Number of protein chains: 2
Amino acid sequence: MPVRGRPRGFDVDEALERALEVFWRQGYEGASMSDLTAAMGINKPSLYAAFGSKEELFRKAVARYAEQDMGYARHAIAQSTAYDVVATLLRENVLAVTRPDRPAGCLSIQGGTACSSENAPVAEFLAASRLAGERALADRFARAVVEGDLQADADPAALARFVMSVTEGQAIHAAAGVPREELRQTAEIALTGFAAVSGARRSATADNPA
Amino acid sequence: MPVRGRPRGFDVDEALERALEVFWRQGYEGASMSDLTAAMGINKPSLYAAFGSKEELFRKAVARYAEQDMGYARHAIAQSTAYDVVATLLRENVLAVTRPDRPAGCLSIQGGTACSSENAPVAEFLAASRLAGERALADRFARAVVEGDLQADADPAALARFVMSVTEGQAIHAAAGVPREELRQTAEIALTGFAAVSGARRSATADNPA
DNA sequence: CAGATTGTGTACCGAGCGGTACGGATATGA
DNA sequence: TCATATCCGTACCGCTCGGTACACAATCTG
């Protein structure tokens with residue numbers, strides 16, 4: 001069942017990718033439709049036909065970001081010990097927020113922590129998705145407590161909040177131009193601190209990559 | 001030598017205070033001149049006469065913020081041990097980003113981490129001022145190493161980066177609505193982790209406030 | 001081929017943006 | 001009292017914002 005009518009003259013995925021980078025660099029409110037269409041290589045009616053509105057475009061960009069740039073978080077949570085989870089999360093986060101082929105920092109924060117009242121839903125949406133990630137990490141830590149992998153009196157939610165706070169701070173540092181190597185030091189400090197506070201045992205797996 | 005001409009019909013400090021809160025809540029780009037003048041209770045020509053431009057107004061708001069809302073950082077750095085410095089900084093930061101009479105979070109981040117290219121100087125200015133604070137903390141830690149208060153192999157800049165990352169993450173959490181009590185837990189985790197990593201000795205002074 | 005359907009480019013919409021010109025109001029100093 | 005200096009309010013500036021109307025181009029079905 002082939003398409004009817006004139007075929008689209010651009011690649012939707014590629015256009016979304018370009019839009020994603022503009023939002024990442026300039027934030028939701030700082031990215032104008034002209035900035036977006038210029039980067040996407042299309043005109044406004046094409047953008048509206050394909051994506052609906054600026055806000056829908058942004059939400060689709062965030063979804064794409066979560067899938068292709070936040071994969072490391074799912075990878076981290078899948079590790080077999082709490083220590084490995086945090087080691088992977090913090091170290092891969094450093095790489096993710098300082099990729100030379102991408103804007104610095106993290107879309108979830110650069111997108112906008114504060115907005116005009118009319119765009120408040122955008123900031124709330126970003127905040128909610130960050131907290132959802134934090135909840136997933138807390139659930140993973142809760143499992144680690146059950147498995148005896150974290151000491152029994154550890155507070156999974158508080159530990160998750162601590163780790164996420166560090167990654168957010170790292171993203172802000174990266175956006176400010178702090179280089180990867182310096183963020184790596186911070187990640188190691190946070191990891192060591194996490195182990196000391198939570199009773200998580202270091203792991204040869206994570207600390208001596210093959 | 002009294003003033004000549006018609007006297008100003010509003011209090012400049014009070015107007016700046018109102019503008020500060022609007023910038024804090026909505027960010028630099030999200031705060032329109034109409035939002036600002038409405039909150040300040042004045043008309044645009046009065047604003048321009050008194051403050052110059054939107055960007056100058058913002059910079060004056062940030063200066064005021066640094067003086068009256070970031071005082072805790074100077075207070076923290078003045079503590080007599082590295083542990084007390086960090087304990088004070090993390091704990092007072094929690095209070096500062098969750099004050100019920102102020103917007104949630106921190107102006108330095110809410111103001112704007114990403115901007116349209118034309119407003120890029122604003123984001124750069126905020127990033128630079130955050131890093132200046134971090135450098136002051138690193139200098140304080142360097143002194144602590146000299147004084148034997150931190151172990152000799154401690155990296156002052158890296159430790160300062162870690163602590164600042166946590167406070168930035170806390171500010172983002174606060175802006176997302178995370179309550180004070182939860183941030184307090186995070187601060188204690190970060191503080192314990194800091195002590196474990198740096199060799200800083202706990203202090204009865206900071207941990208048992210009078 | 002005709003007709004239906006869909007995408008493209010131009011040119012435009014009302015609204016709001018940051019910023020200002022200007023005349024009237026209110027003070028001082030002579 | 002009157003010139004001078006400063007501030008206030010209205011009304012406006014050019015520009016850009018997010019979003020769309022419309023004519024035309026390109027493809028499918030029959």
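Residue numbers begin at 1 in each chain, while the letters A, B, ... track the order of the sequences. Keep in mind that what you see is a predicted model, and the values were worked out from it rather than measured.
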Peer 1: Measure from NZ or CZ of B/K54 to the centre of the six-membered ring of B/Y28 and say whether it is under 6.0 Å with the direction within 45° of the ring axis.
Peer 2: yes
Peer 1: Side chain of B/P45 only, please: which of C/dG9, C/dG18, D/dG9 is the nearest?
Peer 2: D/dG9
Peer 1: Heavy atoms only, 4.0 Å cut-off, all strands: where does B/P7 land among base, sugar-phosphate and nothing?
Peer 2: sugar-phosphate
Peer 1: So if I apply the side chain to side chain contact (heavy atoms under 4.5 Å, CB included) rule between B/V163 and each of B/V85, B/L137, B/N93, B/L191, which one comes out positive?
Peer 2: B/L137
Peer 1: Find out whether A/F125 and A/V62 are in side-chain contact, i.e. whether some heavy atom of one side chain is under 4.5 Å from a heavy atom of the other.
Peer 2: yes
Peer 1: Could you give the CE-to-P distance, from A/M33 to D/dG18, as a whole number of Å?
Peer 2: 6 Å
Peer 1: Taking CD from A/E118 and P from D/dG18, how many angstroms apart are they, rounded to a whole number?
Peer 2: 10 Å
Peer 1: Mind checking B/A31 for me? I need base, sugar-phosphate or nothing, with any heavy atom below 4.0 Å counting as a touch.
Peer 2: sugar-phosphate
Peer 1: Given C/dC17, C/dG18, D/dA25, which nucleotide is nearest the side-chain atoms of A/R6?
Peer 2: D/dA25
Peer 1: OP1 or OP2 of C/dC17 sitting under 4.0 Å from any side-chain N/O of B/S34?
Peer 2: yes
Peer 1: Over how many whole Å does the gap from B/F51 atom CZ to D/dC7 atom C1' extend?
Peer 2: 14 Å
Peer 1: Using distance alone, with no hydrogens and no angle criterion, decide if A/R161 and B/Q185 have a side-chain donor and acceptor under 3.5 Å apart.
Peer 2: yes
Peer 1: Roughly, in whole Å, what's the span from CG in A/N43 to C1' in D/dC22?
Peer 2: 15 Å
Peer 1: Check whether any side-chain nitrogen or oxygen of A/S46 sits under 4.0 Å from OP1 or OP2 of C/dT8, and answer yes or no.
Peer 2: yes
Peer 1: For C/dG18, does OP1 or OP2 lie under 4.0 Å from any side-chain N or O of B/S53?
Peer 2: no
Peer 1: Would you indicate, yes or no, if C/dC17 has its OP1 or OP2 atom less than 4.0 angstrom from a side-chain nitrogen or oxygen of B/S32?
Peer 2: yes
Peer 1: Any donor-acceptor pair, under 3.5 Å, between the side chain of B/R4 and the base of C/dA27, if you only look at N and O atoms?
Peer 2: no
Peer 1: Roughly, in whole Å, what's the span from CD1 in A/I42 to P in D/dG19?
Peer 2: 14 Å
Peer 1: Could you state the CZ-C1' distance from B/R8 to C/dT28, rounded to the nearest angstrom?
Peer 2: 16 Å
Peer 1: Taking N and O atoms by type only, does the side chain of B/K54 place a donor or acceptor under 3.5 Å from a partner on the base of C/dG18?
Peer 2: no
Peer 1: From CZ of A/F58 over to P of D/dG18, roughly how many Å is that when rounded to an integer?
Peer 2: 13 Å
Peer 1: Are a donor atom and an acceptor atom from the side chains of A/E29 and A/S116 found within less than 3.5 Å of each other?
Peer 2: yes
Peer 1: Starting at atom CD of B/E56, determine the distance to atom C1' of C/dG19, rounded to an integer number of angstrom.
Peer 2: 13 Å
